[in-house]
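Report on the following structure.
We count residues from 1, following the sequence as given. Just so you know, these numbers come straight off a predicted model, no measurement behind them.
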Amino acid sequence: MDNFTFCILLMLLSTAGSFIQRVCGFGFGIFIMTMLPYLMPTYQEATALSGLLSLLQSGVVLCGMWRHLHLRNMVGIFLSFCVFSYLAIRFVSVAGDGVLKIFLGCVLMLLGLYFLFFSSKVSVTPRKRWQLSLGALSGTMGGLFGMHGPAAVVYFLNSEPSKEGYLAICQAYFVATNLYMSVFRAGNGFMTEAVGWGVLVSLAGIGVGVWLGGKVFNRMPQATLKRVIYIYMIVAGVIAIATR
């Protein structure tokens with residue numbers, strides 16, 4: 001793949017991922033990691049780039065939503081996340097790309113099926129046991145696949161009284177968790193020159209995606225957009241396993 005094609009694809013991915021997360025509150029990592037492992041030299045560099053881009057995107061959104069932020073609802077889930085993401089990142093540093101892509105495909109399919117058919121049937125309450133268990137799942141998924149949002153979103157949807165509060169705490173969580181994981185990824189050698197160039201190429205796409213997503217946040221039916229995302233996740237999971 002030539003550099004021009006790489007830049008165009010990365011800008012389109014970052015634009016679409018930023019738009020999805022600005023509208024739904026999550027989904028940047030899920031969307032971009034369906035393609036990023038095939039654009040970057042290694043899977044490890046793909047997770048590093050995904051984390052940095054998610055950090056930047058969430059930081060931009062949080063700047064306009066901080067008044068709605070309730071940090072007390074994030075403490076338990078974040079601490080649990082820190083432990084399990086560290087262990088997962090250590091595993092990624094020694095695991096082969098093929099094995100991780102199989103895991104990624106399976107997780108994408110399971111997440112897509114769950115959110116598509118079963119999410120409305122599970123009742124999650126804002127209690128410590130849910131914070132710790134969902135934080136553990138979020139950390140594991142973040143360290144392995146660079147997509148720690150879905151597990152945390154299940155909790156935040158049930159702990160925040162307004163959609164503005166939900167959006168604000170999700171972005172704060174993504175800023176904190178991606179910053180944490182980026183430090184450990186750097187220590188394991190994931191932050192390469194390719195990752196740095198990827199960040200620079202994606203900045204414009206992030207800006208456009210956040211701007212477009214903000215325009216439709218109060219207008220587009222989120223259920224429709226989410227259904228499309230979940231179906232795409234299932235298809236992407238099949239592709240990830242088939243092309244490992």
For [X] versus [Y], what's the shortest heavy-atom pair and its separation?
X	Y	answer
Gly17	Phe28	C-CD1, 3.3 Å
Ser80	Ala136	OG-N, 3.0 Å
Ala172	Leu69	CB-CD1, 3.7 Å
Ala204	Met11	CB-CE, 4.0 Å
Val175	Gly59	CG2-N, 3.6 Å
Met181	Gly143	SD-N, 3.8 Å

Original post:
Which side-chain hydrogen bond (donor to acceptor under 3.5 Å, both in side chains) pairs, counting each pair once, include a residue from residues 18-31, with sequence neighbours left out?
Top reply: Gln21-Gln57, Gln21-Ser58, Gln21-Gln171

Indicate if [X] and [Y] have the same hydrophobic cluster label, given that clusters are the connected sets of ILVMFWY residues with side-chain heavy-atom separations under 4.5 angstrom.
X	Y	value
Phe31	Ile8	no
Leu53	Leu200	yes
Leu87	Tyr180	yes
Ile32	Ile231	yes
Val83	Leu179	no

Taking atom [atom1] of [X] and atom [atom2] of [Y], what is their separation to the nearest 0.5 Å?
X	Y	atom1	atom2	result
Leu56	Leu203	CG	CG	6.5 Å
Met74	Ile169	CE	CD1	6.5 Å
Tyr86	Phe184	OH	CZ	6.0 Å
Phe81	Thr140	CZ	OG1	9.5 Å
Asn178	Ser54	CG	OG	4.0 Å
Phe84	Leu79	CZ	CG	12.5 Å

So [Y] and [X], do their side chains get closer than 4.5 Å, heavy atoms only?
X	Y	result
Val199	Val201	no
Ile89	Asn188	yes
Leu10	Leu49	yes
Met141	Leu137	yes
Phe174	Leu55	no

Original post:
Which residues pass the side-chain contact (heavy atoms from CB on, under 4.5 Å) test with Thr15, sequence neighbours left out?
Top reply: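 Result, side-chain contact (heavy atoms from CB on, under 4.5 Å) vs Thr15: Val208.
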
Subject >> With sequence neighbours excluded, residues passing side-chain hydrogen bond (donor to acceptor under 3.5 Å, both in side chains) with Thr177 >> reply: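 Only His148 meet the side-chain hydrogen bond (donor to acceptor under 3.5 Å, both in side chains) criterion with Thr177.
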
**OP:** Step by step, work out the side-chain contact (heavy atoms from CB on, under 4.5 Å) result for Met40 and Phe6.
**Re:** CA-CA 9 Å; Met40 297 298 291; Phe6 171 79; 4.1 Å; yes

Original post:
Do Phe190 and Val195 pass the side-chain contact (heavy atoms from CB on, under 4.5 Å) test, and can you show the C-alpha distance, the side-chain angles, and the key distance before you say yes or no?
Top reply: CA-CA 8 Å; Phe190 297 179; Val195 173; over 6 Å; no

Original post:
Taking it one step at a time, do Leu52 and Met191 satisfy side-chain contact (heavy atoms from CB on, under 4.5 Å)?
Top reply: CA-CA 10 Å; Leu52 287 175; Met191 299 298 183; 3.7 Å; yes

Subject >> Stepwise side-chain contact (heavy atoms from CB on, under 4.5 Å) test for Met65 and Val61 >> reply: CA-CA 7 Å; Met65 303 291 296; Val61 177; 4.1 Å; yes

**OP:** Check for a donor-acceptor pair, side chain of Ser202 on one end and backbone N or O of Gly205 on the other, with a separation under 3.5 Å.
**Re:**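 Flag not set: sc Ser202 to bb Gly205 has no pair under 3.5 Å.
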
**OP:** State whether the side chain of Thr47 and the backbone N or O of Gln44 hold a donor-acceptor pair below 3.5 Å, judged by distance alone.
**Re:**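 Yes; at least one donor-acceptor contact below 3.5 Å.
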
Original post:
Just checking, is any N or O donor in the side chain of Tyr155 or Ser138 under 3.5 Å from an acceptor N or O on the other one?
Top reply: no

